[in-house]
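Okay, structure first, notes after.
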Protein chains: 4
Amino acid sequence: MQSRSPSAARPGRPRSATADAAILAATREALVELGWSKLTLGDVATRAGVAKTTLYRRWSGKNELVVDAVAELFDELCLPDRGSLAADIEGVVLQFAAILARPEARGGLMAVVTEATRDDALRARIRASIVDRQKGLVLQGRSRAQQRGELPPETDPEESARTVDLIFDMVAGAVVHRTLVSGRPVDEEWVRGFTQILLRGLTAPS
Amino acid sequence: MQSRSPSAARPGRPRSATADAAILAATREALVELGWSKLTLGDVATRAGVAKTTLYRRWSGKNELVVDAVAELFDELCLPDRGSLAADIEGVVLQFAAILARPEARGGLMAVVTEATRDDALRARIRASIVDRQKGLVLQGRSRAQQRGELPPETDPEESARTVDLIFDMVAGAVVHRTLVSGRPVDEEWVRGFTQILLRGLTAPS
Amino acid sequence: MQSRSPSAARPGRPRSATADAAILAATREALVELGWSKLTLGDVATRAGVAKTTLYRRWSGKNELVVDAVAELFDELCLPDRGSLAADIEGVVLQFAAILARPEARGGLMAVVTEATRDDALRARIRASIVDRQKGLVLQGRSRAQQRGELPPETDPEESARTVDLIFDMVAGAVVHRTLVSGRPVDEEWVRGFTQILLRGLTAPS
Amino acid sequence: MQSRSPSAARPGRPRSATADAAILAATREALVELGWSKLTLGDVATRAGVAKTTLYRRWSGKNELVVDAVAELFDELCLPDRGSLAADIEGVVLQFAAILARPEARGGLMAVVTEATRDDALRARIRASIVDRQKGLVLQGRSRAQQRGELPPETDPEESARTVDLIFDMVAGAVVHRTLVSGRPVDEEWVRGFTQILLRGLTAPS
DNA sequence: AAATAAGCGAGACGGTACGTCGCGTCTTTAT
DNA sequence: ATAAAGACGCGACGTACCGTCTCGCTTATTT
């Protein structure tokens, strides 16, 4: 979000702390009802009980606002230890899918990613707010699996980073594609099939 | 696209045949320069040397126009026989990535998919124009691999369809995510790693 | 007002002829109800049953619009022959005062003159639309008075022009000041006194 | 201006004496540079090195502030005895014109008068601050002329008051109109012609 | 000295209007 | 019937000031 020199008691009236929360909540609400393209900042301001100018004082436009509103949704992602790599993957994939199934995430995330194809600052914001946070889950899952002996320990650290990126693209990409492009649900059956291929490969005897 | 009673010599001035092509080309050009959100139909019309009315006579709005403009990009996808399943996958993934690397595809495809999250008619149009065509490649690749003996023959046809969908989501999803979200190139090294996991799984000894 | 290459049948939809009239009428109406400073172009557009953009297509802002709206009020000024110079002056002064007494003129004229102190283009527009038209009345009155023998004929043309300007400033200035600054009515008694001084001077035996 | 119970030593920090002067000076400065309509109170505050709140504590809005700022300009008007009525008139008219020639007066005075057409309180303020002060000059000039024998003594006091008002409207109106509407200078030649007509009338042999 | 009270700077706040832009429709003349 | 041209109603945009409201701080008078 926006930041300031942290604990410097700056002069003048401080920004309303409640306004931020109200605006983000209103944004998600509007996202559900209207979708990205019909969402207007004036409407968000009204819903939040806030003047349009207040909104523009904090965010520079629709994109930045929606990134922040959507990013909060992903804060709840976590990786409880379910005892095996397969179970861990299935768990986090289902969590991720549950978030994507919510209408505010569906349209909002995609729209923001779309805009980011032309806007480097926005891409950086997304990466910082959303992507990197999730990538931590992949790291965590792998080290657990290594402790359990399900995966061999790392040798080449560069190779290791590449693999994390790859896994992340495969997991997130598949779930997003299933949900948003194919438009079909990520149910337990699908997750089982996916995990199976991810772990054992297409050529393995099912 | 738009259709008419096909060969009925209707009265009045016939539609300009060149206009369609000019408009689609102008759309892709504008997509490259401006991106989805800054693309305006008035601008496309001007670039195409065409009046706005002409454009609206053929497409009902921005989304429909861009779908058609982007769909043409995927016509070139094909699956030449490279002798092994792994080589076939690598080939088609690189082709797909090459298309996505073009700026008119990056923004256009995503934008259209984004809009489709709220518009069923648009989703159907996308499925017909883009998705189903690619899914055919997966089918073709599998049957070739089965003929070579790399994969076992199908038994349950329903299970078979599910697997095709799953593979498709995994391949397309990973490439799209790598390109558009992670914003990193799909190069040969990445493709090799991806194919390795897809075929043999994470747990295989590399 | 705005002008075009006159009788050239230009391509495209022509501007609505009724819109101009509706807008100017709405402007005067709003001027009466709200006064200059509270008059809003959006409101004028609404009253006129016209989009705000249509209004901006024809006038570049509040000032230009109000000048035109107010200028029309002065079209009705004329100088009927009342038989003597004194009677002619009294007649036209009363007419002028009657216009200024109308609320749309009071605020509108002054406001526009005020703005013109900083805007040369606007001043030119006012001069062309309002001032020069009235100055013709002074000329007409003088030549009639000369024909009647009430005033001597002109000799020096330059001196003549200066005198017209002077008379005009004295007549218009006095009426405007009485109405708008002193805020008192221009009634018959005032007009008689004014005409007396204008014709015979302060020092004349009353 | 603003008033307080005069010499009551009230508790709390007293108002800064320098702030008033700084604000009025800043107002005139801004009036010169920007004109009435582009003058903003925020900008005036900044120029004066003062917070907006300080400004609002002293004046209730733009109009009141500008009236005060402009009124000060007219304090310098006076009527030195030049020996004859004609010379006295010429003197004061030139003084008045010199003030109106200053840009802060041009826009400011007119703007304030314009606003006053809708605001009775403002009109009263103007009358008290500006108009009545000038009207005193007319009275003074007349009594001098009567002492010199240039004008007959008053008989009817009501008629007398009416004439003062009339003369005032004629003098002030003509100068203002010449300066602000006609937009031409009040030079010595113009003043001579004006005084000639005012004293001897149009029909007098020049 | 401490308490109280107002003034002051800074700047965020809810509003209103601005002038612009793009949409998709409609109206004109010319093919 | 289509085409190019362009005006139209509409609605959102992002900005600028308005006049008000907190803040933390300063400067007086009153206890």
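We use all heavy atoms of the structure for the numbers below, so side chains are in, but hydrogens, waters and symmetry mates are not. Reminder, nothing fancy here: chain letters follow the sequence lines and each chain counts from 1. If you're wondering where the values come from, they're calculated on a predicted model, not measured in any experiment.
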Spacing between [X] atom [atom1] and [N] atom [atom2], to the nearest angstrom:
X	N	atom1	atom2	answer
B:Asp20	F:dT2	CG	C1'	13 Å
B:Leu55	E:dC23	CG	P	10 Å
C:Asn63	E:dC18	CG	C1'	14 Å
B:Lys38	E:dC21	NZ	P	13 Å
A:Arg15	E:dC13	CZ	C1'	11 Å
D:Tyr56	E:dG7	OH	P	17 Å
B:Trp59	E:dC23	CH2	P	15 Å
B:Ile23	F:dA4	CD1	P	8 Å

Self-check item: Neighbours of DNA chain E within residues 41-52 of chain C, by heavy-atom distance under 4.0 Å
Solution: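 Those residues are C:Leu41, C:Gly42, C:Lys52.
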Quiz item: Pick the nucleotide of DNA chain E nearest each of A:Pro11 and D:Ala19; which residue has the one closer to the 5' end?
Solution: D:Ala19
Quiz item: Which sits closer to the 5' end of DNA chain E, D:Pro14 or A:Pro14, going by the nucleotide each is nearest to?
Solution: D:Pro14
Donor-acceptor check, side chain of [X] to backbone of [Y], threshold 3.5 angstrom: yes or no?
X	Y	answer
C:Thr117	C:Val113	no
A:Ser129	A:Ile126	no
C:Arg28	C:Ala69	yes
D:Ser16	D:Ala19	yes

Self-check item: Set of residues satisfying side chain to side chain contact (heavy atoms under 4.5 Å, CB included) with respect to A:Thr54, sequence neighbours excluded
Solution: A:Val50, A:Ala51, A:Arg57, A:Arg58
Exercise. Using only heavy-atom distances, decide whether a donor-acceptor pair under 3.5 angstrom links the side-chain of C:Arg13 to the base of E:dC26.
Key: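 Checked by distance alone, the answer is yes.
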Quiz item: Ignoring hydrogens and angles, are the base of E:dC21 and the side chain of C:Thr53 linked by a donor-acceptor pair under 3.5 Å?
Solution: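 Donor-acceptor pair under 3.5 Å: no.
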Self-check item: B:Glu104 to B:Leu31 - nearest heavy-atom pair and separation
Solution: O-CD2, 3.6 Å
Quiz item: Would one find a side-chain N or O of A:Arg57 under 4.0 angstrom from OP1 or OP2 of E:dC13?
Solution: yes
Quiz item: Hey, is the side chain of D:Thr54 poking within less than 4.0 Å of OP1 or OP2 on E:dG7, counting only N and O atoms?
Solution: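 No, because none of the side-chain N or O atoms of D:Thr54 sits under 4.0 Å from OP1 or OP2 of E:dG7.
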Quiz item: So which one's nearest nucleotide on DNA chain F is more toward 5', C:Ala17 or A:Thr40?
Solution: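 Of the two residues, C:Ala17 wins.
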Quiz item: Hey, which of these two, D:Leu39 or C:Gly12, hits DNA chain F nearer its 5' end, going by closest nucleotide?
Solution: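 Its nearest nucleotide being more 5', the pick is C:Gly12.
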Quiz item: Using a cut-off of 4.0 Å on non-hydrogen atoms, how would the nucleic acid contact of B:Ser60 be classed: base, sugar-phosphate, or nothing?
Solution: nothing
Quiz item: Between E:dC8, E:dA10, E:dG19, which one does the side chain of D:Arg58 approach most closely?
Solution: E:dC8
Practice problem: Any chance you could lay out the salt bridge (Lys or Arg N to Asp or Glu O under 4.0 Å) test for C:Glu115 and C:Arg123, step after step, and finish with the verdict? | Solution: CA-CA 8 Å; C:Glu115 284 303 312; C:Arg123 178 147 51 216; over 6 Å; no
Practice problem: For the pair C:Arg125 and C:Glu64, find out whether any cationic side-chain nitrogen is under 4.0 Å from an anionic carboxylate oxygen. | Solution: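 Salt bridge flag = no for C:Glu64 with C:Arg125.
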